[in-house]
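Structure record follows, encoded as structure tokens.
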Amino acid sequence: MMVRDLVLFMLLVTVIAPILLYTYRLGSFNFSSSRDEFLEDFSSFTLSSHSEHLNILPHESSRILKEPVGTVYSNNTAHPEPDASAVEQNSTDVQGSAHDLQLPESREHKSTRALSTTNENVSSIGENHIRQITDPLRQLNLSKGIPVQSGTERVKERKRVQQSIQSTDKVRKARESSKSENDDEEAAAPNTRVQYLKDQLVQAKVYLSLSATRNNVHFIRQLRQRMKEIQRILGRANKDSELPRDAQEKLRAMDQILTRGKQIQDNCALIIKKVRAMLQSTEDQLRVHKKQALFLSQLTAKTLPKGLHCLPLRLTTEYYSLNYSKQPFPNQEKLEDSSLYHYALFSDNVLAAAVVVNSTIAHAKDASKHVFHIVTDQLNYAAMRMWFLVNFPGKATIQVQSIEEFSWLNSSYSPVLKQLGSPSAKNYYFKSHRAHSDSNMKFRNPKYLSILNHLRFYLPEIFPKLKKVLFLDDDIVVQKDLTGLWSLDLKGNVNGAVETCGESFHRFDKYLNFSNELISKNFDPRACGWAYGMNIFDLEEWKRQNITDIYHTWQKLNHDRQLWKLGTLPPGLITFWKRTHPLDRSWHVLGLGYNPSVNQKEIERAAVVHYNGNMKPWLEIAIPRYRNYWMKYVDFDHEYLRQCNINP
């Protein structure tokens, strides 16, 4: 009995007591504290004499967005996440946060975690700050039984957040890329549906002309109906945005009927042959329309509007009925005063001449020093005088002459007069069968038959006592004072003009026939051309260099029009070859009679704008955006203009 009790006592001491003691110590063991001590020791690991904190979390690339601060709430309710900037709070804020941990239990407690940065200094400082907050929080949460995320769970959560952010960015970029591609496609082809509808009409016309489909009455009836619908839609729209709402429905309906046509007629070779025939026919029609358009434009340029034809008739009637023929112009003593500013204007258009004079006087600093010498033909002489007698331009001086007054100008003296009266010239102008090419039509303008167009080569004979004359065409408008041209030094040259070689078609080879040996030996095909319309001529130098004789010599050589076609610019380029002084481009801007894209700033800076070309400002075919520069010098309320229905 004693032995048994001793054995039981020994078992109690050696077996049961250690078990109880071990169980008690295991329950009081703090895993979290041990883990924290391990992490602290590990993070302070020293390598190669560098005592630096290691980042136990995986390093993040600086290009990846930082994970927002995570928060665990004690009451398991939803609250907004704090701002990510909390990670980088200063030390004062951290201390304040730690102090908040000592508040009563009713206050909410939250655990904050932050991602470390790749910067070593920031990582070192930020880690200490974070631990000041997270260590007390962890202890409080553990004491309350609130679960805390482990390091592995935090890493997984961070990866999930990063993946979510990256996927969101990819979706956003894909949407933006898709949107930009759609915008580019719409910009590149804004009228895709309009063009597709037009193509459908072409296909429909092909099926209408094929025998296999033409024999199918029901198909042809439906096809014609669809064609009318498409034509009605296209008649009101020139681009996709103008198409009606039912356009897509009509497009699909036409596609269906065209698909039936393909089933009826599946012979591709026959369809191709028919399309080629249609293309050839269209090209022939286009060629005919171009010829008609060219002819009509030339006819319009040659023909005066009814109002401008009425005006000289009305003025001539008034001139003789009111006995204005005996009334002289004032200031006639200034006509030969070389100290004044003299202008030469040769025109048979009363209204055009009036605009030139009005616009020049409007910008003149001293109108009393400006003298206008106007020369016209016998038909318009009375009308021209009547207009300026009734509408005298203030203090300026006006002289109106008839070409018939120049008795020295005859066919024996002027080769061009002899050539214009020759049978070959009449045949060229009035026998249409002689014109075999469209390029010759512009040269068969009646203005080339008028000697007024060639008077510019006889300035010293017309104004024998003058030293300098400014020549102006009647299709120009003056926008600035021109007196500075008389003081220019022409450096021994006769002609002062603006060069026009900015484009290739304004060089000598476009005006002269360089296949002729006489031209090719004496001139440079790439030489820069210049413009008539506003030219300052030194008449003393003209006489000294005998320019008129040079002009006569070349006119005689061109009796058969082998050197150049008709006109005044080609003989002008030859006559004043190496005798022309280039003026600044701002003096004279051209192209308002044919070019709709003349630079607006150049027009506004120009002293003179020139409506050279067929689209004159007094014609209905004038370019609208340039017409106002000319119209503002016309008084449309004038009695004579209203009687002839000349309106803006």
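Worth knowing before you read on, the calculation uses all heavy atoms, side chains too, and leaves out hydrogens, waters and symmetry mates. Each residue takes its place number in the sequence, starting with 1. Nothing here was measured: the structure is a model prediction, and the numbers come from that model.
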Hey, are the side chains of M227 and L208 touching, using non-hydrogen atoms and a 4.5 Å cut-off?
yes

Could you walk me through whether D255 and R252 pass the salt bridge (charged side-chain N to carboxylate O under 4.0 Å, His left out) test, one step at a time?
CA-CA 5 Å; D255 274 339; R252 294 195 187 100; over 6 Å; no

Does the side-chain contact (heavy atoms from CB on, under 4.5 Å) test come out yes or no for L243 and L197, once each step is laid out?
CA-CA 11 Å; L243 291 173; L197 290 170; 4.0 Å; yes

So, N558 side chain and L563 main chain: donor-acceptor pair closer than 3.5 Å or not?
yes

Is there a donor-acceptor contact under 3.5 Å linking the side chains of Q419 and R561?
no

In sequence, state the C-alpha distance, the side-chain angles, and the governing distance for Q378 and I403, and then conclude on side-chain contact (heavy atoms from CB on, under 4.5 Å).
CA-CA 7 Å; Q378 186 64 31; I403 197 172; 5.9 Å; no

To check you understand the geometry: which heavy-atom pair defines the closest contact between A247 and I233, and what is its length?
CA-CD1, 4.1 Å

With a 4.5 Å cut-off on side-chain heavy atoms, are Q479 and Y629 touching?
yes

Please name the pair of heavy atoms, one in T500 and one in C528, separated by the smallest distance, quoted to 0.1 Å.
N-SG, 4.1 Å

Tell me which one of V477, V478, D473, V589 satisfies side-chain contact (heavy atoms from CB on, under 4.5 Å) with V608.
V478

Distance-only, no hydrogens or angles: does the T316 side chain make a donor-acceptor pair with backbone N or O of P312 under 3.5 Å?
yes

Using the rule given for salt bridge (charged side-chain N to carboxylate O under 4.0 Å, His left out), can you reason through R526 versus D509, listing the C-alpha separation, both sets of side-chain angles and the distance that settles it, and then say yes or no?
CA-CA 7 Å; R526 304 303 299 164; D509 59 345; 3.3 Å; yes

Is any side-chain heavy atom of L201 closer than 4.5 Å to one of K198?
no

Looking at side-chain heavy atoms only, is the closest gap between T376 and V350 below 4.5 Å?
no

Please check: side-chain N/O of D240 versus main-chain N/O of R193, any donor-acceptor pairing under 3.5 Å?
yes

Residues that D348 engages under salt bridge (charged side-chain N to carboxylate O under 4.0 Å, His left out), provided they are two or more places apart:
none

With a sphere of 6.0 Å drawn around CZ of R625, does it hold more than 12 non-hydrogen atoms of other residues, nucleotides or ligands?
yes

Cation over ring, R260 on F219, under 6.0 Å and within 45°?
no

CG of N391 to NE2 of H638, rounded to nearest 0.5 Å, is 3.5 Å

N/O donor-acceptor pair under 3.5 Å between D377 side chain and Y381 backbone:
no

Would you please classify the geometry between the F346 ring and the F471 ring as parallel, tilted or perpendicular, with 30° and 60° separating the classes?
tilted

Could you tell me whether K632 atom NZ has more than 12 heavy atoms of other residues or ligands within 6.0 Å of it?
yes

One should read off an interatomic distance between W387 CH2 and R314 CZ, to the nearest 0.5 angstrom, of 13.0 Å

Is there a side-chain contact between Y532 and H610 (heavy atoms, below 4.5 Å)?
no

Using the rule given for side-chain contact (heavy atoms from CB on, under 4.5 Å), can you reason through I574 versus Y511, listing the C-alpha separation, both sets of side-chain angles and the distance that settles it, and then say yes or no?
CA-CA 10 Å; I574 291 176; Y511 298 101; over 6 Å; no

What's the shortest heavy-atom distance between L619 and P305, and which atoms?
CD2-CD, 3.6 Å

Quick check: do K205 and V202 have side-chain heavy atoms less than 4.5 Å from each other?
no

Are N349 and W618 side-chain neighbours, meaning at least one heavy-atom pair lies under 4.5 Å?
yes

Looking only at atom types and distance, does a side-chain atom of Y611 sit under 3.5 Å from a main-chain N or O of Y626, one as donor and one as acceptor?
yes

Can W564 and F523 be said to form a ring pair (Phe, Tyr, Trp, His ring centres under 6.0 Å), step by step?
CA-CA 13 Å; W564 69 85; F523 306 101; 9.3 Å; no

Would you find a donor on one side and an acceptor on the other, under 3.5 Å apart, between the side chain of N535 and the backbone of G533?
yes

Which value, rounded to the nearest 0.5 Å, describes the distance between I623 atom CD1 and Y594 atom OH?
9.5 Å

Atom CD in Q263, atom CG in N216: separation rounded to 0.5 Å?
11.0 Å

Is M534 close to L583 at the side-chain level, that is, under 4.5 Å between some pair of heavy atoms?
yes

H363 versus S359, closest heavy-atom pair with distance:
ND1-O, 2.9 Å

Could you check V609 against H588 for side-chain contact (heavy atoms from CB on, under 4.5 Å), going step by step and ending with a plain yes or no?
CA-CA 6 Å; V609 292; H588 187 192; over 6 Å; no

Is N513 reaching over with its side chain to a backbone N or O of Q562, donor-acceptor style, under 3.5 angstrom?
yes

Closest approach of V390 and Y640, non-hydrogen atoms and distance?
CG1-CE1, 4.5 Å

Distance in Å, Q600 CD paired with E602 CD, rounded so as to fall on 0.5 Å steps:
10.5 Å

Hey, could you give me the OG/CG distance between S347 and L472, rounded to the nearest 0.5 Å?
11.5 Å

We want to know whether H218 and Q222 form a side-chain donor-acceptor pair, criterion being a heavy-atom distance below 3.5 angstrom.
yes

Provide the closest heavy-atom pair for A497 versus A531 in the form atom of the first, atom of the second, distance.
CB-O, 3.8 Å

side-chain contact (heavy atoms from CB on, under 4.5 Å) partner of I476, the single match among L592, L345, T360, V356:
V356

Closer than 4.0 angstrom, basic N to acidic O: yes or no for E229 and R226?
yes

Would the distance check show the side chain of K480 and the main-chain N or O of R605 forming a donor-acceptor pair, the cut-off being under 3.5 Å?
yes

